[in-house]
Amino acid sequence: MLKKYLSHGKDHVVTVILKGLFWLAPIAAITIIVIWIYEKINQLTGSMFELLGFEPEKFPFLWTIFGVVIMFLFAYILGVFAETKLVDIIQRVYSKIPGFSTIKELVNIFNTSKSGEKKVLVVLISGFSKDDYNIGLMYSTKESVVKDHFTVVLSMTPIPNGGFMFEVHKDKIRVIEEATFDSNLQYLLSMGVKSLADIVNIEPKSIEEFKALSEVLEENKQKEQ
């Protein structure tokens with residue numbers, strides 16, 4: 001496998017390395033942040049135990065549980081804060097820092113809890129023949145430069161962050177509502193060994209049973225009103 005990649009030349013090797021780093025970047029950043037927050041909370045809980053007259057080292061399990069609970073509570077408060085208008089002001093300030101916008105977009109790609117225009121959709125589009133369909137991703141439901149067309153990304157396997165972008169008419173796009181970015185990633189990494197139906201735990205359906213993109217867009221519009 002390694003010999004196969006090296007045989008394509010230096011430029012190909014560098015491209016693959018960069019793809020791997022960009023895929024790893026948001027995961028590594030989130031992991032580092034979580035560890036840093038947990039360490040700070042660990043210090044805080046240790047100080048609280050000492051104030052109450054307990055030695056935290058003698059109660060390691062209770063110390064850990066207490067720290068984890070506070071960390072989840074802190075994360076929940078941050079999540080609520082992220083939905084306020086104040087966070088937009090903070091983001092405008094930080095957006096002036098070089099590289100901030102790029103990192104933010106990379107992290108957003110892995111955030112499957114988004115909704116509306118920001119939600120990553122797993123979709124079906126017409127394939128190479130009349131009865132064939134390809135599974136792709138829509139990272140945004142904003143209309144393309146061509147009217148009534150939307151950008152669909154067909155990812156490659158086993159390197160899921162590479163692929164091809166197509167501008168597809170909305171009538172040719174069906175949405176797999178049960179699937180998420182994460183389940184599509186599992187499907188790509190399995191190289192077809194695992195069916196997407198098995199991954200999202202649904203029975204195979206006819207193409208007409210999947211919602212058309214226009215229906216999903218209308219539903220999202222009504223929810224946001």
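In this text, all values refer to a predicted model and were calculated from it rather than measured experimentally.
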Colleague: May I ask you to test the Y187-K194 pair for a side-chain heavy-atom distance under 4.5 Å?
Modeller: no

Colleague: E178 side chain to V200 main-chain N or O, any donor-acceptor pair under 3.5 Å?
Modeller: no

Colleague: Aromatic rings H149 and H169: how do their planes relate, parallel, tilted or perpendicular, breaks at 30° and 60°?
Modeller: perpendicular

Colleague: If I take atom CG from residue D198 and atom CD from residue E203, how far apart are they, to the nearest 0.5 angstrom?
Modeller: 9.0 Å

Colleague: Could you check whether atom CG of N201 has more than 12 heavy atoms from other residues, nucleotides or ligands sitting under 6.0 Å from it?
Modeller: no

Colleague: Same hydrophobic cluster for I202 and F181, using side-chain heavy-atom links shorter than 4.5 Å among ILVMFWY?
Modeller: yes

Colleague: I need the I199 CD1 to L188 CG distance, nearest 0.5 Å.
Modeller: 8.5 Å

Colleague: Going from CG on D148 to CG on D171, what distance comes out if it is rounded to the nearest 0.5 angstrom?
Modeller: 7.5 Å

Colleague: Do V193 and L185 belong to the same hydrophobic cluster, where Ile, Leu, Val, Met, Phe, Trp and Tyr are linked whenever their side-chain heavy atoms lie under 4.5 Å apart, directly or via other members?
Modeller: no

Colleague: Is Y139 reachable from V146 through a run of I, L, V, M, F, W or Y residues, each pair having side-chain heavy atoms under 4.5 Å apart?
Modeller: no

Colleague: Kindly compute the distance separating CG (N134) from CZ (F166), expressed to the nearest 0.5 Å.
Modeller: 7.5 Å

Colleague: Starting from the C-alpha separation in whole Å, work towards a yes-or-no answer on side chain to side chain contact (heavy atoms under 4.5 Å, CB included) for E167 and T151.
Modeller: CA-CA 5 Å; E167 307 306 311; T151 303; 2.9 Å; yes

Colleague: Could you state the interatomic distance from OG (S183) to CG (L196), rounded to the nearest 0.5 Å?
Modeller: 6.0 Å

Colleague: Please report the interatomic distance CD1(I125) to CZ(R174), rounded to the nearest 0.5 Å.
Modeller: 13.5 Å

Colleague: Give a yes or no answer on whether the side chain of E218 reaches the backbone of E215 with a donor-acceptor pair at less than 3.5 Å.
Modeller: no

Colleague: Please name the residue in the list I176, V123, L137 that meets the side chain to side chain contact (heavy atoms under 4.5 Å, CB included) test with N184.
Modeller: L137

Colleague: Can K142 be said to sit on top of F150's aromatic six-ring, NZ or CZ under 6.0 Å from centre and within 45° of the ring axis?
Modeller: no

Colleague: For K170 and L213, what are the C-alpha separation, side-chain angles and deciding distance, and is it a side chain to side chain contact (heavy atoms under 4.5 Å, CB included)?
Modeller: CA-CA 6 Å; K170 64 181 181 181; L213 177 64; 4.2 Å; yes

Colleague: Before you tell me yes or no, could you show the steps for L124 and I173 under side chain to side chain contact (heavy atoms under 4.5 Å, CB included), namely the whole-Å CA-CA distance, both residues' side-chain angles and the distance that decides it to 0.1 Å?
Modeller: CA-CA 6 Å; L124 293 161; I173 303 174; over 6 Å; no

Colleague: Is it the case that the side chains of E209 and S206 hold a donor-acceptor pair, with the cut-off being a distance below 3.5 Å and no angle test?
Modeller: yes

